[in-house]
Protein chains: 2
Amino acid sequence: MERRPTLHDVAGEAGVSAKTVSRVLNGDGPVAAATRERVLAAVRRLGFRPNLMARSIRTGGPDSTVGLVLPDLGNPFFGALAGGVEEAVRGRGLTVLLGCSGGDGAREAEVVGAFLARRTSALLVVPSGGRPGGGPGSRPGSRPGGRPGGEPLAAARAAGVPLVYLDRPGPGADCVVSSNRAGAREGVAHLLGAGHRRVGFLGDLPASMYTRRERLAGWREALAAAGLPAPAELVAGARTVAEAERATLALLARPAPPTALFASNVTAATGAVLALGRSGRRDVALLSFDDLPLAEVLDPPLSAVAQDPALLGATAARLALARLDGDATPPRTETVPTRLVLRAARG
Amino acid sequence: MERRPTLHDVAGEAGVSAKTVSRVLNGDGPVAAATRERVLAAVRRLGFRPNLMARSIRTGGPDSTVGLVLPDLGNPFFGALAGGVEEAVRGRGLTVLLGCSGGDGAREAEVVGAFLARRTSALLVVPSGGRPGGGPGSRPGSRPGGRPGGEPLAAARAAGVPLVYLDRPGPGADCVVSSNRAGAREGVAHLLGAGHRRVGFLGDLPASMYTRRERLAGWREALAAAGLPAPAELVAGARTVAEAERATLALLARPAPPTALFASNVTAATGAVLALGRSGRRDVALLSFDDLPLAEVLDPPLSAVAQDPALLGATAARLALARLDGDATPPRTETVPTRLVLRAARG
DNA sequence: GTGAAAGCGCTAACAG
DNA sequence: CTGTTAGCGCTTTCAC
């Protein structure tokens, strides 16, 4: 119950040297079958577990962990993403070290620093965007003091630790993102294909952050491809569900109101559903970016451009592992496709 | 870009001994202001970061990580829980080590073993229930070979590593759970208070697993308190959304159908919402255990017994930290209250 | 086949 | 105030 047994304790118990125990445990050199049995028995008797930290220290290699920095675990998107990383990494005997930045650049820097100090073998980061206390409204490069977490991330690269940016691109490193633009374009195109000529855009504004910018661009591209204008009157910003609800009503109260809405995130979609439901507007089509768990039980059911957060995480993990395996090609961006989930009105 | 700088490199660069650098970094002994500056400058110049593993090894203390074992990160409940743990633990300079058991006892044992080998300072575990490949249907102690993950968890205790079971109680250790029974009772009591006499129970069966058993008991207790019977005809089992949908319809097709339903988990609730919506039964009241993000946009809106997964995680973390601080009182169970969220029909 | 020594990066214990 | 020595638990190197 006191000190945990060490290699030496096992060696003593088995009447061999420490090195022999080490050999048995790592399948290293040749060991006589009888000796091996004796050692194994001693290991079991003492409940010995080799100290991984000591091993890492001696071998000089990185620790068998992968650092994952997320803005917010409360968001199911990031939870699923973490699950994807864990699963992809487990097969290699690696464990996930988890940190939350809260969308704050300073905290991100702290967490990355701590991970580097632990000699994490790779770093997967959803960049905070850098506004201290940032969160949803954050904006890249907007912090007075320069790039957020920029220094530790630079340190990561300097230390030769593979770094992959997740969900949003970062400077000069690998990165894995959803097909925000193409997905949004496809979703809006579907609404246009159903005959709509005025499709409103509901989302977080200003669209300075990567995902927002891309989704807005996708909306624009779809309209342009159909030869339609993308007037500012069709665009409404909202950060909260309540704001989105109001924005939806405002959009519909305009002179030439949209006949369909594209909600570019979950919050916007929730507000829109609420607004349409409460005002009894069942004639307005709604499609959202990022699927909602209960989308199919809504009335009318909500079609969506679904992301695959777990695949996002798994892809990032694989990229990092490839780097660990020596892949030294220039940094690349991998795009994980979205999927258009169409849900029909109830029969 | 090659080898990371060590304490020695810094010492050389600053023209002092390794120990002095160590002193500066840890605020240990007294150091002359001038020397300190010189060392700090060298540290910055070299981009030195102390190797936490080496430190832990030397000090003999546990690693500054807390192991968290979850069944499934895809489930938002567990994501939020992880967030609560991370936040509670960060203030102490600890990092979360994340592992997924997939609800499988064997994998749980593996993960716990790996964490123990890393010298994690505490272990927070949502017990898998032990059925290999277990998941939703798992049942404690049902595995032929005996208690699942039991051996490593015993090892944890033997090694003196604080162990806290989360969401479900485990044998002989601290544990933090939601008030499943009281919450369910309160929810059902609310339905009874609204005048309902026959309240159906929809959930995962058999109710051998802790949370299921407790919620079913809560339903029974509420009925008993109102002097009502709890006949088997009012209970329906369902593991999937589709099953829950069918089960709901079956329940409502019985001779003396329930006028209200208590869905004891998210899956059951989703199926019930679907069934009620599709069959146009707006006369049946529905209340669920575990809140849904979109509950308020449903029509009719869904009342719920809300859990607080983040608080669950934070509470478990605090318990573990108290143990680390020397709290040696007997194992205790902490119950995190649920909250009844009533949502009115739309105006 | 096996063991003895050295050393990974760091800090405790004693010097000076 | 600062440096030296020793050693954490393990693996590497080289000897037997």
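Just so it is clear, the values below take in all heavy atoms, side chains as well, and ignore hydrogens, waters and symmetry mates. Here is the naming used below: chain letters follow the sequence lines, and residue numbers restart at 1 for every chain.
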Calculate, to the nearest 0.5 Å, the distance between atoms CG and CG belonging to A/Leu123 and A/Leu97 respectively.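 Nearest 0.5 Å value for the CG-CG distance: 9.5 Å.
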Output the distance between atom OG (B/Ser64) and atom CG (B/Leu94), rounded to the nearest 0.5 Å.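 If I round to the nearest 0.5 Å, the distance is 6.0 Å.
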Please tell me if A/Thr20 has a side-chain N or O lying less than 4.0 Å from either OP1 or OP2 of C/dG3.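 So the side chain of A/Thr20 is within the cut-off, an N or O lying under 4.0 Å from OP1 or OP2 of C/dG3.
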Terminal axes of the helix from C/dG1-D/dC16 to C/dG16-D/dC1 (five pairs each): angle between them, nearest 10 degrees: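 The helix from C/dG1-D/dC16 to C/dG16-D/dC1 shows an end-to-end axis angle of 40°.
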Main chain of [Y], side chain of [X]: is a donor-acceptor contact present, judged purely on distance under 3.5 Å?
X: B/Thr120; Y: B/Leu116; result: no
X: A/Arg119; Y: A/Pro62; result: no
X: A/Glu86; Y: B/Cys100; result: yes

Side-chain contact, heavy-atom cut-off 4.5 Å: [X] with [Y]?
X: A/Asp174; Y: A/Thr333; result: no
X: B/Tyr165; Y: B/Val177; result: no
X: A/Leu324; Y: A/Leu321; result: yes
X: A/Leu7; Y: A/Phe48; result: yes

Side chain to side chain contact (heavy atoms under 4.5 Å, CB included) partner of B/Val96, chosen from A/Val96, A/Leu68, A/Leu98: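 Only one option passes, and that is A/Leu98.
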Indicate, with a heavy-atom threshold strictly under 4.0 Å, whether A/Ser56 touches base, sugar-phosphate, or nothing.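 Touches nothing.
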Could you give the CG-to-P distance, from B/Asp63 to D/dG9, as a whole number of Å?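 Roughly 15 Å, once rounded to whole Å.
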What string of B, S and - do you get for nucleotides 9-16 of chain C 5' to 3' if you count protein non-hydrogen atoms under 4.0 Å? BBBBB---
I need the residues from residues 36-46 of chain A with at least one non-hydrogen atom less than 4.0 Å from DNA chain C; give them sorted by number, or say none.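 Nothing qualifies; none.
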